[in-house]
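To start, the structure itself, in structure tokens.
Atom set for the values below is all heavy atoms of this structure, side chains included, hydrogens, waters and symmetry mates excluded. Proteins get letters first, then strands, A, B, ... in listed order; numbering begins at 1 in each. As the structure is a computational prediction, the values presented were derived from the model and not from experiment.
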Amino acid sequence: MTRNGNVEFFSATFVEDIEAQNEMASGLLAADGRFAFRVPILGFRFEKALMEEHFNENYLESTQFPNGTFEGTIANWDPNFESGTWHDVIASGKLTVHGIEKNREISSKIMRDKDGWKIQSAFVIATADHEIPIPKMVRDKIAEEISVTVDLNLLPR
Amino acid sequence: MSCSNFKTYRIILLALTGMVLVQGSYVRAQSLLDELGADEPAAHPVYATFKDTRIINVQSNETPGKDVMHFVIAHRFGQINEGAYSLWGLDNASMRMALDYGLTERLSIGVGRSTFQKTFESSLKWKALEQQSDNSIPIGVTLYAVGMARGDSTFAESQVNRTFANRLSYTYQAIITRKWTEKFSLAVVPSFTHRNLVGFSSDAHDQWTLGVGARYKLAARLSLNSEYHFLIDGLPDGAQNSLSIGVDIETGGHVFQLHITNSRGMFERAFLTETNGRWLDGALFFGFNLSRVFDF
């Protein structure tokens with residue numbers, strides 16, 4: 001389990017790069033390979049204050065949809081994963097962003113170490129999939145596909 | 001013990017076991033997300049009470065933010081009831097340019113220049129109190145102080161009065177705001193304005209006004225704004241209370257504010273204490289503010 005997981009996203013276009021970082025992700029991994037992750041949207045920090053305001057007010061509508069979540073099962077879970085090495089796994093479940101649920105299979109890496117489990121993942125979220133409208137006027141500044149990276153350090157409860 | 005009694009026991013036992021099983025599967029069906037607990041994100045200052053540092057004429061609670069340069073170009077056209085000859089006032093534009101700079105997240109300094117009476121301004125704005133998302137602080141209080149110096153050569157009737165000190169006026173404001181819902185924000189703005197020189201000896205040097213401003217969000221990037229300033233000691237000769245209605249249109253780093261107002265001047269002394277357009281006569285001015293932020 002973690003309460004301070006790291007989630008970052010990156011939007012790259014020809015005109016502008018936008019990135020934001022969140023160190024408030026929480027996550028739970030059960031012994032049977034089920035997992036649940038939650039990211040408070042208001043926890044994303046941007047380089048520019050105005051970006052943060054626009055992100056929360058106009059795009060993610062974070063007062064209405066305060067959390068992004070991902071819940072499901074690790075498809076190729078093996079409770080006896082050898083510790084100390086990274087294992088490629090497929091996390092299969094429901095990704096909810098902006099109140100819109102999507103079934104996703106996200107490839108990730110997982111490693112058991114002496115303290116607990118480490119999880120790393122990088123994937124893409126299409127804004128259209130989650131009904132996040134991007135007006136024409138800013139379309140050259142905000143990418144339609146947002147790269148997300150996740151870095152979690154799960155400790156026993 | 002009779003046979004039927006034994007049967008009853010068995011049925012009760014079965015029912016109990018069943019209940020335990022149902023209970024058990026219910027616990028299993030409860031998602032891991034619920035197990036994470038409902039830890040609410042920490043309280044944070046409420047964002048976007050207003051979209052710009054001004055509601056229309058009057059300052060809002062917002063400051064540009066640390067190391068942000070906020071640049072405003074504002075136009076105020078002539079009186080609409082001048083009619084077709086001056087294209088309903090569009091022939092006569094007066095202008096204001098202003099630069100505000102955020103020294104910290106909550107403190108900013110600014111300078112401005114209006115063509116109206118060739119006025120310079122310098123100002124200080126401080127978000128003394130920020131409304132919090134968990135209502136631990138239910139309102140925001142921003143303090144604003146501005147000094148204005150008119151530079152027009154035709155200023156004052158007699159040469160004797162045409163001193164620098166007499167060109168100065170000051171306004172001090174407390175901007176008390178609350179964002180009630182995602183869509184609706186309200187501001188109450190008591191202001192005190194001091195003029196070193198007034199037009200007539202009967203005019204007061206000090207004027208208190210009480211303002212009310214509001215924002216209603218119509219769409220993601222569009223809001224309806226209005227403000228009204230009430231001269232508490234009554235209306236001096238020819239003066240009116242200032243009433244303005246407009247919209248904010250936000251596009252990325254720009255905010256466009258379009259409005260109709262009975263105030264010609266765009267700095268505090270002018271619109272708070274020297275508004276003279278009458279709404280009922282159509283003595284109104286169309287204007288717009290265009291703001292742009294630059295980050296450093």
Side-chain angles (χ1 to χ4, degrees), chain A residues 1-5 15-16 18 22 24-30 32-59 61-64 66-67 69-73 93-94 96 132-142 157, chain B residues 28-53 62-70 102 104-106 108 132-134 179 181-183 185 215 217 219-223 248-256 291-296:
Chain A
M1 175 164 200
T2 180
R3 291 271 179 216
N4 55 2
V15 178
E16 193 165 38
I18 299 169
N22 191 328
M24 292 160 71
S26 50
L28 202 56
L29 177 66
D32 58 0
R34 289 179 306 135
F35 63 82
F37 300 115
R38 185 176 56 212
V39 183
I41 301 298
L42 277 161
F44 280 102
R45 293 287 163 265
F46 290 70
E47 182 202 352
K48 298 179 183 178
L50 203 57
M51 286 179 177
E52 201 169 298
E53 181 179 310
H54 292 160
F55 173 76
N56 285 309
E57 193 187 22
N58 296 338
Y59 296 99
E61 302 177 274
S62 48
T63 309
Q64 205 178 340
N67 292 306
T69 59
F70 186 41
E71 186 183 22
T73 318
K94 276 188 300 201
T96 308
I132 301 166
I134 297 175
K136 272 206 190 90
M137 232 166 148
V138 292
R139 211 160 277 173
D140 54 351
K141 291 184 183 166
I142 300 174
R157 268 205 275 190
Chain B
R28 278 193 64 85
Q30 201 185 19
S31 73
L32 276 185
L33 267 182
D34 298 329
E35 276 184 53
L36 270 179
D39 61 339
E40 288 298 306
H44 58 90
V46 165
Y47 57 80
T49 305
F50 289 93
K51 266 287 107 160
D52 210 339
T53 56
E62 309 286 352
T63 55
K66 186 173 166 54
D67 294 338
V68 175
M69 174 91 85
H70 181 258
T104 73
E105 229 19 83
R106 293 160 68 157
S108 69
Q132 297 292 316
S133 60
D134 63 353
K179 188 174 185 175
T181 69
E182 268 307 285
K183 290 191 164 171
S185 306
R215 167 188 190 229
K217 206 172 148 184
R221 291 163 188 83
L222 177 70
S223 73
D248 278 8
I249 303 163
E250 181 200 357
T251 62
H254 293 100
V255 180
F256 294 91
S291 77
R292 168 79 216 180
V293 295
F294 300 94
D295 284 83
F296 291 98

request  = Please work out whether the ring planes of A/F44 and A/F55 are parallel, tilted or perpendicular, with thresholds of 30° and 60°.
outcome  = perpendicular
Greatest number of non-hydrogen atom pairs under 4.5 angstrom with chain B, of A/A36, A/A30, A/P133, falls to A/A36
Cut-off 4.5 Å, heavy atoms of chain A, and the answer for B/K66 is neither
Salt-bridged, B/K51 to A/E57, with N to O below 4.0 Å? yes
task: With the side chain counted from C-beta on, respond yes when B/F50 and B/D248 share a heavy-atom pair under 4.5 Å apart, and no when they do not.
output: no
Honestly, the part of A/Y59 sitting under 4.5 Å from a heavy atom of chain B is side chain
Looking only at A/I142, A/V138, A/N56, most heavy-atom pairs under 4.5 Å shared with chain B are made by A/N56
Residue set satisfying ring pair (Phe, Tyr, Trp, His ring centres under 6.0 Å) with B/F294, at least two apart, ordered chain then number -> none
In this structure, OG1 of B/T63 is separated from CD of B/E105 (nearest 0.5 Å) by 7.0 Å
Ranking A/I41, A/L50, A/T69, A/T63 by heavy-atom pairs under 4.5 Å to chain B gives rank one to A/T63
